[in-house]
Amino acid sequence: MKQQTVLELLNSEDFQQDVIVKGWVRTFRANRFIALNDGSTINNIQCVVDFENTDEALLRRITTGAALEIHGTLVESQGKGQKVEVQAKEVIVHGDSNPDEYPIQPKRHSFEFLRDNAHLRTRTNTFSAVMRVRSTLAFAIHQYFNSNGFYYMHTPIITGSDAEGAGEMFRVTSLDMKNPPIKDGDIDHSEDFFGKETNLTVSGQLEAETYAMSMGKVYTFGPTFRAENSNTSRHLAEFWMIEPEVAFMELDGNMDLAEDFMKYVLSYVLEHNREDLEFLEQRLLQEEKSKPQNERSDMTLTEKLRFVIDNNFKRVSYTEAVEILRNSKPNKKKKFDYIIEEWGADLQSEHERFLVEKHFKCPVILFDYPANIKAFYMRLNDDGKTVRAMDILFPGIGEIVGGSQREERYEVLKEKMAALDIPEEELWWYLDLRKYGTAVHSGFGLGFERLVMFATGMGNIRDVIPYPRTPQNAEF
Ligand code: 4AD
Ligand code: MG
């Protein structure tokens, strides 16, 4: 007798077969009906216990959360709600779960409560569905790049440079912080593990560029770290980023790539996680009902995904966007919290969301931003004041992708670094690329958790990564 997953059994028509299934009890009703789940699908399999012939002590051990192994027969179900069920002949308890203490009761828990119990939250429908979707998306991303001629490269996690030049890094050191070596009144990092200051990477882009300039098309997909003190529903201190980088590609090609890629991975998840998405969609519909009428979304989750897949992303320059924003109000009563006074100001998320959700009503690619609000490596336009940057804005999320055409001209890059006090000694290798066989190249970064948020409809980024790291929180 072979062990089968709940998913396999639910799709099976091998009635009267002896089967073995293992999983965790979701509910146990009327001393008879076990709803068992093993993570293979959002659905449970019903296992029917012959309670008259089962030891009472054993029945008492079948509680929500307990790990069971059930030997039985697969039969067509007489009851409503399921096609098949298992007539249990033998129930083996692998692990008891004290019903008075087990935190995940068969009822609706708040997401806050479940965050505090993140080690058990994938025992719920919502979190197992979200994490299955997350897993599928990661696979789809590799699938996309692999079938489009990209090499997967691993960029370092520990680096000596600040790729974004924003100074929001976590320091990595092996020095004794209680008694660090001091030289000239400062901590002497020449005695540190690497002989210099190092930190956790904020982005693999700069190293990815070096590989694009020899291997053509590459991407990295790894953890990145930001010590920005943003306690919002869209920021993590540790998040995963996908960063493709392509030689001989200009900004237009970069936009085409990003759009094609996003559409592919979202179609993939629509096709492969239908039941999870249906569940999440129902959950969202419930949530929407509790909102005031005018705040309710007029699209379901699948409609939102289809909308992104079926429509062209709207491409708008920063300058055009600022014009639109100056002539708009988010709604009749209210002005923006931050008014865009003049050209050159950074857009706030209220502006980004207005453009996507109210004005264009579709994903938007904003490009050609003012140089002074973007990173040093972006290619300067001929106007001398804007750079070939692009941000992709999604409904409900805001910025989901940030990218650019890179500055490939040695002198221009050197000047830019000097103006921003970025030491050449730190990025000599990055400058070398511009000395030896430089060429136009471009890439972007997609925040993986923001993609998972969009695909699942979850409203808080803490609920789409197994163990979120945020200010004042690194539990688990
Ligand atoms: O816009 P960012 O900072 O761009 C870069 O890091 C570039 N080096 C990417 C590149 O061109 N290769 O970050 C890229 C994306 C953002 O659009 C956002 O989706 C996500 O990463 N992101 C975060 N996600 C969660 N928490 C944070 N603190 C994030 N910061 C950025
Ligand atoms: Mg950005």
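Numbering starts at 1 and runs along the sequence shown. For clarity, every value in this text was computed on a predicted model and none was experimentally measured. Ligands are counted one by one from 1 in listed order, and the atoms in each one are counted from 1 as well.
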S.K.: Are any side-chain N or O atoms of Asp188 and backbone N or O atoms of Ser190, one a donor and one an acceptor, separated by less than 3.5 Å?
M.R.: yes
S.K.: Provide, to 0.1 Å, the distance between atom 28 (N) of ligand 1 and the closest protein heavy atom, together with that atom's residue and name.
M.R.: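 It is Glu228 OE2, 2.8 Å.
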S.K.: Which ligand 1 atoms, with their elements, are less than 4.0 angstrom from a heavy-atom of Val401?
M.R.: 17 (O)
S.K.: Can you report which non-hydrogen protein atom sits closest to atom 6 (O) of ligand 1, along with the distance?
M.R.: Arg226 NH2, 2.8 Å
S.K.: Please write down residue, atom name and distance for the protein heavy atom closest to atom 15 (C) of ligand 1.
M.R.: Gly445 O, 3.6 Å
S.K.: What's the spacing between Glu112 CD and Arg115 CZ if we round to 0.5 Å?
M.R.: 5.0 Å
S.K.: Can you tell me the N, O or S atom of Glu399 that's nearest the Mg ion (ligand 2)?
M.R.: OE2
S.K.: Can a cation-pi geometry be assigned to Arg434 and Tyr430, taking NZ or CZ under 6.0 Å from the six-membered ring centre and within 45° of the ring axis?
M.R.: yes
S.K.: Arg234 near ligand 1, heavy-atom distance under 4.0 Å?
M.R.: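 Under 4.0 Å: yes for Arg234.
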S.K.: What protein heavy atom sits nearest atom 1 (O) of ligand 1, and how far off is it?
M.R.: Glu399 OE2, 3.0 Å
S.K.: Charged N to carboxylate O under 4.0 angstrom, Arg306 versus Glu303?
M.R.: no
S.K.: Looking only at protein heavy atoms, which one is nearest to atom 14 (C) of ligand 1, and what is the separation?
M.R.: Met241 SD, 3.4 Å
S.K.: Students should be able to answer this: which protein heavy-atom is nearest to atom 24 (N) of ligand 1, and at what distance?
M.R.: Phe239 CD1, 3.5 Å
S.K.: Determine, using heavy atoms of Ile461 and all atoms of ligand 1, whether some pair is separated by less than 4.0 Å.
M.R.: yes
S.K.: Check Asp463 against Phe127 and note the closest heavy-atom contact, atom names and distance.
M.R.: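 Where Asp463 meets Phe127 most closely, the heavy atoms are O-CE2, 3.5 Å.
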S.K.: May I ask you to list the atoms of ligand 1 that are less than 4.0 angstrom from any heavy atom of Ser203?
M.R.: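 Counting from 1, the qualifying ligand atoms are 6 (O), 8 (N).
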S.K.: If we only consider heavy atoms of Tyr377, is any one of them less than 4.0 Å away from an atom in ligand 1?
M.R.: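 Distance cut 4.0 Å: Tyr377 passes for ligand 1.
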S.K.: If you look at every heavy atom in Glu350 and Asp337, which pair is closest and at what distance?
M.R.: OE1-N, 2.9 Å
S.K.: Please report the shortest heavy-atom distance between Gly344 and Tyr318, naming the atom on each side.
M.R.: N-OH, 2.9 Å
S.K.: Consider every N or O of Val202 and every N or O of ligand 1, then say whether any pair is closer than 3.5 Å.
M.R.: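 N/O-N/O distance below 3.5 Å does not exist for this pair.
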S.K.: Return the NZ to CZ distance between Lys304 and Phe307, rounded to the nearest 0.5 Å.
M.R.: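 One finds 11.5 Å between NZ of Lys304 and CZ of Phe307.
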S.K.: Provide the number and element of each atom of ligand 1 under 4.0 Å from a heavy atom of Glu243.
M.R.: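 Here the atoms of ligand 1 in question are 7 (C), 8 (N), 9 (C), 10 (C), 12 (N).
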S.K.: Kindly compute the distance separating CD (Glu352) from CG (Leu393), expressed to the nearest 0.5 Å.
M.R.: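 Nearest 0.5 Å value for the CD-CG distance: 5.0 Å.
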S.K.: When you measure from atom 20 (C) of ligand 1 to every protein heavy atom, which one gives the shortest distance, and what is it?
M.R.: Gly447 CA, 3.6 Å
S.K.: Starting from atom 4 (O) of ligand 1, locate the nearest protein heavy atom and write down its residue, its atom name and how far away it is, to 0.1 Å.
M.R.: Glu164 OE1, 4.0 Å
S.K.: Would Ala163 count as a contact residue for ligand 1, given that I'm defining contact as a non-hydrogen atom of the residue lying under 4.0 Å from a ligand atom?
M.R.: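 For ligand 1, residue contact (heavy atoms, under 4.0 Å) with Ala163 is absent.
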S.K.: Do other residues, nucleotides or ligands put more than 12 heavy atoms under 6.0 Å from the CZ atom of Phe113?
M.R.: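 Yes - once you tally the heavy atoms of other residues, nucleotides and ligands closer than 6.0 Å, there are more than 12.
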S.K.: Taking side-chain hydrogen bond (donor to acceptor under 3.5 Å, both in side chains) as the criterion, tell me which of Gln205, Arg406, Glu407, Gln405 meets it with Tyr377.
M.R.: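 It is Gln205, the one option of Gln205, Arg406, Glu407, Gln405 that forms the side-chain hydrogen bond (donor to acceptor under 3.5 Å, both in side chains) with Tyr377.
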S.K.: When you look at Lys435 and Asp432, which way does the salt bridge (Lys or Arg N to Asp or Glu O under 4.0 Å) test go after all the steps?
M.R.: CA-CA 5 Å; Lys435 263 166 62 186; Asp432 259 9; 3.7 Å; yes
S.K.: Which atoms of ligand 1 sit under 4.0 Å from any heavy atom of Gly402?
M.R.: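 Once the distances to Gly402 are compared, the set is 1 (O), 9 (C), 10 (C), 11 (O), 17 (O).
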S.K.: Using a 4.0 Å cutoff against the non-hydrogen atoms of Gly403, which atoms of ligand 1 qualify?
M.R.: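 Taking each heavy atom of Gly403 in turn, ligand 1 has 11 (O) under 4.0 Å.
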S.K.: Give a yes/no on ligand 1: does Arg406 have at least one heavy atom closer than 4.0 angstrom to it?
M.R.: yes
S.K.: Would you kindly say whether Thr302 and Glu281 are connected by a side-chain donor-acceptor distance under 3.5 Å?
M.R.: yes
S.K.: Considering both backbone and side-chain atoms of Gln205, is one of its nitrogen or oxygen atoms within less than 3.5 Å of a nitrogen or oxygen in ligand 1?
M.R.: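 There is such a contact, yes.
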